[in-house]
Amino acid sequence: MNNIGVLMTCPMSEYLENQLENRFSLFKLWNHSSPKPDFLKTHSSSIKAVVGNTKIGADANMIDSLPNMEIVASYSVGLDKIDLGKCKEKGIKVTNTPDVLTDDVADLGIGLALAVLRKMCVCDRFVRSGNWINGDFGLASKFSGKSVGIVGLGRIGSAIAKRAEAFNCSISYHSRSKKPNTNYKYYSNIVDLAADCQILFVACALTEETHHIVNRKVIDALGPKGILINIGRGAHVDEPELVSALLEGRLGGAGLDVYENEPNVPEQLFSLENIVLVPHVGSDTEETSKAMADLVISNLEAHFKGNLGLKRVYIWNVV
């Protein structure tokens, strides 16, 4: 398959880059001095696959510029950076990397909740600054036994629920429809879910329907003692409303791994002690990075070899 052209949209994983280079004819979109439209035009006949991620995927212009493209592989579980409508129109297959990153993202979600409630980052600064010698830190809030609401009970949402259950938390959720084979309480309305929980985790896919699904009404329903944890996508949350709620004390706190205009984060958040901010690292462990890269390679090889029945391969036609 060394003659099959694969376009990588931006730096992702050195391991993935090496594996692609060993198996395919790899084009690196960021590694050329010519303007992007000129580069795509020059190599349009050679490129049959695009590998993207949560930063740069495959938009309509890119897809239209590559008439021989057969498949888009996302180095991510999310597909929001891929124009699925255009892929459907062109008959282009789409792949992603579910399952392998579920544990890491769920772990981080629980970690963010613990960090916010137990004020771990503030405690760390307290010790490092030498202030402990002047007196004890003070009290925080426990995580165990809290009521947890989850927006999106898919792979990651279910993994968060399982972990929260181990802390004796009560679990409820909101999704497009009620899930079978679960005893968790279902809310068809996210505002009602937020009003009935103390910690709200956002773990759904980003679609037109879930864009700004956490708006002012949801934030106000969660309230001044509520905690918002977002390990989904930044655009799930109306960020200006979140900022104002935190500044005004209408929301108790937040743990954020994702932001609406990454890597730009609202500077008003930097001075607040009731939030924990991490730079979109939910799946960024050595183990998961390799597993995701291996799955991207498996997806591409399965497509070009026609081995679509293989286990651990995620390729689908957009419908």
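Numbering of residues begins at 1 and proceeds along the displayed sequence.
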message: Can you classify the ring geometry of Phe27 versus His43 as parallel (below 30°), tilted (30 to 60°) or perpendicular (above 60°)?
response: tilted

query: Who passes salt bridge (Lys or Arg N to Asp or Glu O under 4.0 Å) against Arg216, sequence neighbours left out?
result: Asp220, Glu241

For the side chain of [X] and the backbone of [Y], is there at least one donor-acceptor N/O pair under 3.5 Å apart?
X: Asp38; Y: Ser34; result: no
X: Ser147; Y: Gln198; result: yes
X: Ser74; Y: Gly78; result: yes
X: Asp59; Y: Met62; result: yes

- prompt: Quick one: are Val72 and Leu79 in side-chain contact, heavy atoms under 4.5 Å?
  reply: no

query: So, do Leu7 and Leu29 sit near enough that their side-chain heavy atoms are less than 4.5 Å apart?
result: yes

Could you check whether atom [atom1] of [X] has more than 12 heavy atoms from other residues, nucleotides or ligands sitting under 6.0 Å from it?
X: Arg125; atom1: CZ; result: yes
X: Asp136; atom1: CG; result: no
X: Glu14; atom1: CD; result: no
X: Lys55; atom1: NZ; result: no

query: Would you say the side chains of Glu286 and Tyr15 form a donor-acceptor pair under 3.5 Å?
result: no

field: Pair Asp64 + Lys90, salt bridge at N-O below 4.0 Å
entry: yes

- request: Step by step, work out the side-chain hydrogen bond (donor to acceptor under 3.5 Å, both in side chains) result for Lys146 and Ser141.
  value: CA-CA 10 Å; Lys146 287 284 195 294; Ser141 181; 3.1 Å; yes

task: Please check if Val276 and Leu228 belong to a single hydrophobic cluster, counting links between Ile, Leu, Val, Met, Phe, Trp and Tyr side chain heavy atoms closer than 4.5 Å.
output: no

task: Step through it carefully: locate the ring centre of Tyr187, locate the ring centre of Tyr173, and say whether they are under 6.0 Å apart.
output: no

